[in-house]
Amino acid sequence: MKIIGVYNIKGGVGKTATAVNLAYLAAEEGNHTLVWDLDPQAAATYYFRVKPKVKGGGKALVKGKRELDSAVKGTDFENLDLLPADFSFRNMDLLLGDAKKPTKQLSRRLEPLSEEYDYIFLDCPPSISLVSENVLRASDAVLVPMIPTTLSARTLDQLLDFLKGHAQLGGLRLMPLFTMVDRRKRLHLDLMEQLPEQYAGILNTSIPFASDVERMGIHRMPLPAYAPSRTASKAYRALWEEIKRKL
């Protein structure tokens, strides 16, 4: 089982679209795949047409009163399951803070699923928090979607500084990638050329800014499921192939 976190300190960078579309592509290949929507905004849950509700809420999951597999929902797509968000996840930091070994709770909860799934994607809310630290600890690799702008580069610096202060995360495989790329903008083109020289590990594949991606909210399904031949769908496929090679 490979656990892939999708995370950025900054919101609005295409994080959920990345998690949903890559999970769909993994499942399409025949891999048993799970998306855990940890964001109380529940965007990934919405895309899969699932009600954002977990019986007992985040407290039941963190305290071990309910196993994760009992909260898992099927989706409309073969091999692809969802652990939906719940609005109570807004208090997840407080629940984790009250637990023993608070930064290892997600790892412990996910371990029993190792026999059921080939890939688990963790869609993490923005900010640096106990939830995000749990995601970083639990993941085999962490994708960091970022728009090629100065502010996105700044948040990558903040994440790298955070990792330097946590020796236990020193071996984490970080995979930044450019999303929402507008090649008509000189700033985007310049930063896509400059940033890989400054930061190691930035993936070669980028995701374009495209209305097709925005329409995921209308179709409520992964982009490759309803527009497989579109440029953005092909970009996500190329991205998934690159990630698999690095994993």
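Hydrogens, waters and symmetry mates play no part in the numbers below; they use all other heavy atoms, side chains included.
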(message) Walk me through whether T75 and V35 qualify under side chain to side chain contact (heavy atoms under 4.5 Å, CB included).
(response) CA-CA 10 Å; T75 71; V35 176; over 6 Å; no
(request) Kindly indicate, with the supporting measurements, whether the criterion side chain to side chain contact (heavy atoms under 4.5 Å, CB included) is fulfilled by L38 and L106. (result) CA-CA 11 Å; L38 287 160; L106 293 194; 4.0 Å; yes
(request) Given side chain to side chain contact (heavy atoms under 4.5 Å, CB included), test N21 with I207 step by step and report yes or no. (result) CA-CA 11 Å; N21 289 325; I207 304 300; over 6 Å; no
(message) Quick one, F89 with D37, criterion side chain to side chain contact (heavy atoms under 4.5 Å, CB included). Give me CA distance, side-chain angles, the key distance, then yes/no.
(response) CA-CA 10 Å; F89 287 3; D37 187 355; over 6 Å; no
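Taking a cutoff of 4.0 Å between a charged side-chain nitrogen and a carboxylate oxygen, D140 and R173 do not qualify as a salt bridge.
Linking Ile, Leu, Val, Met, Phe, Trp and Tyr whenever their side-chain heavy atoms come within less than 4.5 Å puts L247 and L22 in one cluster. Both L195 and L160 belong to a single network of hydrophobic side chains, linked directly or stepwise wherever heavy atoms of I, L, V, M, F, W or Y lie under 4.5 Å apart.
Between F121 and the options L34, T18, T33, a side-chain contact (heavy atoms from CB on, under 4.5 Å) holds for only T33.
We find the CD1-NZ distance between I243 and K2 to be 13.0 Å, quoted to the nearest 0.5 Å. If you take OH on Y226 and NE2 on H219, they are separated by 5.0 Å, rounding to the nearest 0.5 Å. Taking CG of L223 as the start and OH of Y24 as the end, the distance is 10.0 Å to the nearest 0.5 Å. Between atom CZ of residue R109 and atom CG of residue N134 there is a gap of 10.0 Å, rounded to the nearest 0.5 Å. In this structure, T205 OG1 and K234 NZ are separated by 14.5 Å, a value rounded to the nearest 0.5 Å. Note that CD1 of I147 and OG of S206 are 13.0 Å apart. Values are rounded to the nearest 0.5 Å.
Remark: side-chain polar atoms of T45 are paired, donor with acceptor, to backbone N or O of A85 under 3.5 angstrom. Judged by distance alone, the side chain of D182 and the main-chain N or O of F209 form no donor-acceptor pair under 3.5 Å. Of the possible donor and acceptor atoms, none in the side chain of S152 sits under 3.5 Å from a partner among the backbone N and O of T149.
Side-chain polar atoms of D157 and Y199 form a donor-acceptor pair below 3.5 angstrom.
For the residue pair G11 and P126, the shortest heavy atom distance occurs at N-CB, 3.8 Å. Across all non-hydrogen atoms, the minimal contact from P148 to L191 is O-CD1, 3.4 Å. Residues S139 and G5 approach most closely at OG-N, 3.3 Å, considering heavy atoms. Taking all atoms of both residues into account, the shortest heavy-atom contact from T231 to P208 is CG2-CG, 4.4 Å. Closest approach of K15 and N8 over heavy atoms only: CD-N, 4.1 Å.
The 12-atom threshold is exceeded at CZ of R49, counting heavy atoms of other residues, nucleotides or ligands nearer than 6.0 Å. Under a cut-off of 6.0 angstrom, the local environment of CD in E111 is sparse, with at most 12 non-hydrogen atoms contributed by other residues, nucleotides or ligands. Atom CZ of R90 sits in a crowded spot, with more than 12 heavy atoms from other residues, nucleotides or ligands closer than 6.0 Å. Heavy-atom neighbours of R66 CZ from other residues, nucleotides or ligands within 6.0 Å: above the threshold of 12. In the displayed structure, E78 atom CD is contacted under 6.0 Å by at most 12 heavy atoms of other residues, nucleotides or ligands. Shown here is E242, whose CD atom has more than 12 heavy atoms of other residues, nucleotides or ligands within 6.0 Å. In R108, the CZ atom is not crowded: 12 or fewer heavy atoms of neighbouring residues, nucleotides or ligands sit closer than 6.0 Å.
For Y119, the ring-ring contact (aromatic ring centres under 6.0 Å, His included) partners two or more places apart in sequence, or in a different chain, are W240. Among residues two or more places apart in sequence or in another chain, the side-chain hydrogen bond (donor to acceptor under 3.5 Å, both in side chains) test is passed with Y117 by D81.
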